[in-house]
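Side chains are part of it too, since the values below use all heavy atoms of this structure and drop only hydrogens, waters and symmetry mates.
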Amino acid sequence: MGIKIRKAEPQDSRFIAWAMLASSRAGKNTGIFNLIFESSDETVLIEKIARLTQTQTKSHCHYSNFLIALDEGKEVGALCGYEPRIANHERFSKALEEIGVDESYNERIAAYLLCQYEADRQTWVLDFMQVNDEAHTLAVLKELVQKSLLTARLKGYRKVETMIEIGSSELQMVYEKLGFSYIDEKQSDYYFESFGRKGIMRLGMHL
């Protein structure tokens, strides 16, 4: 039957939430959503992130920015592709406010903000790329990325970027196999104390 890619719908919110949580943790016990929602309970986190994907304010976490990969009709992967000129940090804060998270969350993720990149208005950004354990990772991710880049080209974008944690070697290899190359990185002792990784690396490619 092969891998099928479709745009996400509201009913995909829990699967998207799972993908966002797993991607943000990148193999660790703690990720940015643990700090935002002040919880380590996976059930609680999935529920809160799922609500975040359906807020009236369309942040980069909104379901409409996601693609879903299907294998024999089953959801096996997800990828977010968004326009940072629209889905900026201000919108993210507003979306969080809709579900009861005030701006004090910025203090809790200060280490992340130190290493975060702000993409320019001419860049398409990929985020929250995740595939479940049963799927053929590279094949699924290749289909997701190609579909997202097609959308980017149709919108007039000519370059794309993504951010991964320094030390996420397997994910870096996947992106490089898909045509991305290293741009630069930001390191911080504060980030290491919070997440156990040196910082964030930026990868990109021209379309």
Side-chain angles (χ1 to χ4, degrees), residues 5 7-8 12-13 15-28 31-36 45-46 48-50 52-55 57-69 75 77-93 95-96 105 109 112-113 115-132 137 140-152 155 157 159-168 170-172 174-176 178-180 182-186 191 195 197 199-205 207:
I5 306 296
K7 290 183 178 180
D12 297 310
S13 288
F15 181 75
I16 292 170
W18 163 81
M20 290 171 65
L21 182 60
S23 174
S24 66
R25 285 174 168 173
K28 311 183 307 300
I32 188 173
F33 292 110
N34 294 79
L35 303 182
I36 290 172
L45 291 170
I46 292 290
K48 288 182 180 293
I49 297 170
L52 181 61
T53 69
Q54 297 198 56
T55 54
T57 301
K58 292 185 178 181
S59 72
H60 67 293
C61 298
H62 195 267
Y63 76 84
S64 60
N65 292 319
F66 281 81
L67 295 173
I68 303 294
E75 296 92 345
L79 174 65
C80 173
Y82 68 95
E83 300 174 86
R85 66 184 181 86
I86 297 173
N88 52 31
H89 190 74
E90 182 180 351
R91 282 206 178 188
F92 183 55
S93 294
L96 284 170
Y105 84 90
I109 65 167
Y112 174 81
L113 296 176
C115 292
Q116 185 186 36
Y117 286 90
E118 186 173 342
D120 64 52
R121 297 172 67 86
Q122 286 76 45
T123 301
W124 181 259
V125 175
L126 299 183
D127 203 350
F128 303 125
M129 184 165 73
Q130 190 67 33
V131 174
N132 69 21
T137 302
V140 174
L141 295 183
K142 183 178 179 181
E143 294 294 331
L144 283 166
V145 170
Q146 287 181 342
K147 182 68 173 179
S148 185
L149 297 189
L150 176 60
T151 301
K155 289 178 175 289
Y157 288 92
K159 62 179 180 177
V160 59
E161 293 178 0
T162 192
M163 295 183 296
I164 64 172
E165 285 187 317
I166 297 169
S168 300
E170 290 186 11
L171 186 57
Q172 183 178 351
V174 168
Y175 270 117
E176 288 175 347
L178 296 174
F180 286 73
Y182 173 89
I183 300 175
D184 55 13
E185 62 186 53
K186 290 183 181 180
Y191 193 97
F195 300 108
R197 297 280 174 84
I200 292 177
M201 177 188 301
R202 185 166 53 152
L203 305 171
M205 67 181 293
L207 301 179

What pair of heavy atoms forms the shortest contact from Leu52 to Ala95, and how long is it?
-> CD1-CB, 3.9 Å
Minimum heavy-atom distance between Leu21 and Ser24, given as atom pair plus value = O-OG, 2.9 Å
Looking just at side-chain N and O atoms, do Thr151 and Trp124 make a donor-acceptor pair shorter than 3.5 Å?
-> no
Over 12 non-hydrogen atoms of neighbours within 6.0 angstrom of NZ in Lys7 = no
All heavy atoms of Arg197 vs all of Ile166, minimum pair found to be CD-O, 3.3 Å
Would you call Arg91 and Ile86 a side-chain contact if the rule is heavy atoms closer than 4.5 Å?
-> yes
Going from CE on Met20 to CD1 on Ile46, what distance comes out if it is rounded to the nearest 0.5 angstrom?
-> 9.5 Å
If we only count heavy atoms from C-beta on, is the Glu165 to Leu171 side-chain gap below 4.5 Å?
-> no
Output yes when a side-chain donor or acceptor of Tyr117 lies under 3.5 Å from a complementary backbone atom of Lys186, and no otherwise.
-> yes
Can you measure from CG (Leu79) to CD (Gln130) and round to the nearest 0.5 angstrom?
-> 11.0 Å
Hey, are the side chains of Gln146 and Lys142 touching, using non-hydrogen atoms and a 4.5 Å cut-off?
-> yes
Residues at least two apart in sequence or cross-chain that pass side chain to side chain contact (heavy atoms under 4.5 Å, CB included) with Thr123, listed by chain then number, are Ala119, Asp120, Val125, Lys159, Glu161
With distance as the sole test, does Thr53 use its side chain to make a donor-acceptor pair with the main-chain N or O of Ala50 at under 3.5 Å?
-> yes
Heavy-atom check, side chain of Phe92 versus side chain of Ile36, under 4.5 Å = yes
Lys58 NZ: over 12 foreign heavy atoms closer than 6.0 Å = no
Would a 4.5 Å heavy-atom cut-off, applied to side chains only, mark Gln116 and Ile32 as touching?
-> no
Answer yes if the side chains of Tyr157 and Glu83 hold a donor-acceptor pair under 3.5 Å, and no otherwise.
-> yes
Aromatic ring pairing Phe195/Tyr112, orientation class (parallel under 30°, perpendicular over 60°, tilted between) = perpendicular
Report yes if the side chains of Asn34 and Arg25 come closer than 4.5 Å at any heavy-atom pair, otherwise no.
-> yes
Can you measure from CD1 (Ile164) to CG (Asp127) and round to the nearest 0.5 angstrom?
-> 11.5 Å
Taking side chain as C-beta onward, heavy atoms only, is Leu113 less than 4.5 Å from His89?
-> yes
Value for CD1 (Ile16) from CD1 (Ile49), rounded to nearest 0.5 Å, stands at 11.5 Å
Spacing of CD belonging to Gln54 relative to OG belonging to Ser64, to within rounding of 0.5 Å = 10.5 Å
Mind listing the closest non-hydrogen atom pair of Val131 and Trp18 along with its distance?
-> C-CH2, 3.9 Å
Looking at Ala152 and Leu207, what are the two nearest heavy atoms and their distance?
-> CB-CD1, 3.8 Å
Rounded to the nearest 0.5 Å, what separation is found between the CD atom of Gln172 and the CG atom of Leu203?
-> 6.0 Å
Check: Tyr63 and Asp12 side chains under 4.5 Å, non-hydrogen atoms | no
Checking side-chain hydrogen bond (donor to acceptor under 3.5 Å, both in side chains) for the pair Ser59/Tyr82: CA distance, chi angles, key distance, verdict?
-> CA-CA 9 Å; Ser59 72; Tyr82 68 95; over 6 Å; no
Do Lys48's NZ or CZ and the ring of Phe33 fall within the cation-pi criteria of under 6.0 Å and 45°?
-> no
Which atom pair, heavy atoms only, marks the closest approach of Asn132 to Glu75?
-> ND2-O, 3.5 Å
